[in-house]
> 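Okay, handing you the structure first.
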Amino acid sequence: MTARTYFIGKRLMDDIVCKFGGSSVAEARQIRKVEAIIRSDPHRRYIVVSAPGKRSSQDEKITDLLYTCQSLAAEGKSYEQPFQAVGNRFLQIDRELETGSEIRGWLEELRRQLDSGASADLAASRGEYLCARLLAAHLKAEFVDSAEIIQLDRNDAVAESSYRRTAEKLAGPGLYVIPGFYGSDSHGQIKTFSRGGSDITGALVAKALNAREYENWTDVSGLLRADPGIVRDPQPMAQVTYREIRELSYMGAKVLHEEAILPVYEPKIPIHIRNTNRPEDPGTVISAERNSQVRPIAGVAGRSGLGLLYLEKFLLRKHPQYRSKVLEILAIHGVDLEWERWGIDSLLLLVPEKQLAEKGEALRGVIGEELDPDHLEILGNMAVIAVVGEGLSKRPDITVTVLQRLDQRDIRLRLIEQGSSRISALLVVQAEQFNRAVQTI
Ligand code: ASP
């Protein structure tokens, strides 16, 4: 049924893809919560899991331990200690859940793989692999190995054929468990995504099945409107659009894996962020549209650690090669461009402060020599803040209010920009004023 609906391109009636993050599968107690969530809705039929994460702040993530095992093995050193930690964790989960699985055999196989030169990708992927196997055994669900359905091409992009294969493999009527974080290359070798990549797997499966919703279960009750490290008790957002999330995460808000939006963006499958420890909480729905009249602003994010390069040159606009030359100089010096803004006769660039601290003087020399600017300023200690919301373009008064409030609190803006993205206003401030500015907004 599932595969067929995929082929005729219709949305599945009601099926849901659920991805459970590391904290949701960190131990047997958590996995029981996962089970209750799955059992409470028969439409939750496709379960993607991360590797067990930390049980407490001092604990270690299985994925980190596996990377350590692999690098020790590659150096010919003993990896016994981290391997024991991995093994003990899975054995304990298996014992407490009484899964009756073949966990001992799977761990032995992992040891053999490490002894025979397993790649870092293969080793790291075993966290998700074993977790999915255990959960499938526990739920009496079907295990489907991601290596058999998700293929990554030479540039690490997901091959289109992955979607068809996934839909075919998951076409039965039952419950499926799929490990996140990896697929395989064209030679059948395991390839992982970047860290946090189980979010991507969930999105790929949701797209392949044209699922009604992609539930992303984690340990927070949704995405917060601001960083709780800066603002006291920020509220979660009930709804946010894909575009808003892109802006907020580029600006430093820690949300989903960046690449998890793309697969669901075009088929408009909503992503629902939910809390495994508080399944009754509404969470945050990320979707193509939302009613921005009620809440024009979705959230505020920002980051410090930026440096600024400001150049003035009379008639700069008339010489577009000038800008390319500046970018080329930055690239040669290994300085990344975070953001740029042209004036009539000026150019302002934001770059990582650390790189600027190392290369600033060299840049000053080269730019001075090759481009002969009328004025060149290099400043460290900058921060950028984004006020993000679909309602921003229709409500210019919001930006005005933000600016007034910042001014009342003596927060000096180095730069204001609104318009290059219709849904965000960017403010650049001195790093010392960053927290206070975010709190004020
Ligand atoms: N286990 C992997 C990591 O720690 C992937 C994931 O959890 O999404 O990065």
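Read the numbers this way: they start at 1 and go in the same order the structure lists the ligands and their atoms.
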> For Asp199 and ligand 1, does the shortest N/O to N/O distance drop below 3.5 Å?
no
> Please verify whether a non-hydrogen atom of Gly196 lies at under 4.0 Å from ligand 1.
yes
> Examine Phe181 together with Phe193 and report whether their ring centres are nearer than 6.0 Å.
no
> If you have a sec, work out which protein heavy atom is nearest atom 3 (C) of ligand 1 and how many Å separate them, to one decimal?
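For atom 3 (C) of ligand 1, the nearest protein heavy atom comes out as Arg195 NE, 3.3 Å.
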> Tell me which one of Ser50, Gly22, Gly202, Ser194 gets a heavy atom nearest to atom 7 (O) of ligand 1.
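Considering heavy atoms of Ser50, Gly22, Gly202, Ser194, the nearest to atom 7 (O) of ligand 1 sits in Ser50.
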> Could you tell me if any non-hydrogen atom of Gly197 lies under 4.0 Å from any atom of ligand 1?
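Right, Gly197 reaches ligand 1.
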> Look at ligand 1 and say whether Glu128 reaches it with a heavy atom at a distance under 4.0 Å.
yes
> Return the residue, atom name and 0.1 Å-rounded distance of the protein heavy atom closest to atom 6 (C) of ligand 1.
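Answer, as residue, atom name and distance: Ser198 OG, 3.4 Å.
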> Would you tell me whether Asn210 and Tyr163 have side-chain atoms, one donor and one acceptor, within less than 3.5 Å of each other?
no
> Can you confirm whether the side chains of Glu213 and His272 place a donor and an acceptor under 3.5 Å from each other?
yes
> With a 3.5 Å cut-off and no angle check, do the side chains of Arg395 and Thr399 form a donor-acceptor pair?
no
> Parallel, tilted or perpendicular: which describes the rings of Tyr176 and Tyr46, with under 30° parallel and over 60° perpendicular?
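The arrangement is parallel - the two ring planes meet at less than 30°.
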> So, Gln239 and Asn291: side-chain donor and acceptor under 3.5 Å apart, yes or no?
no
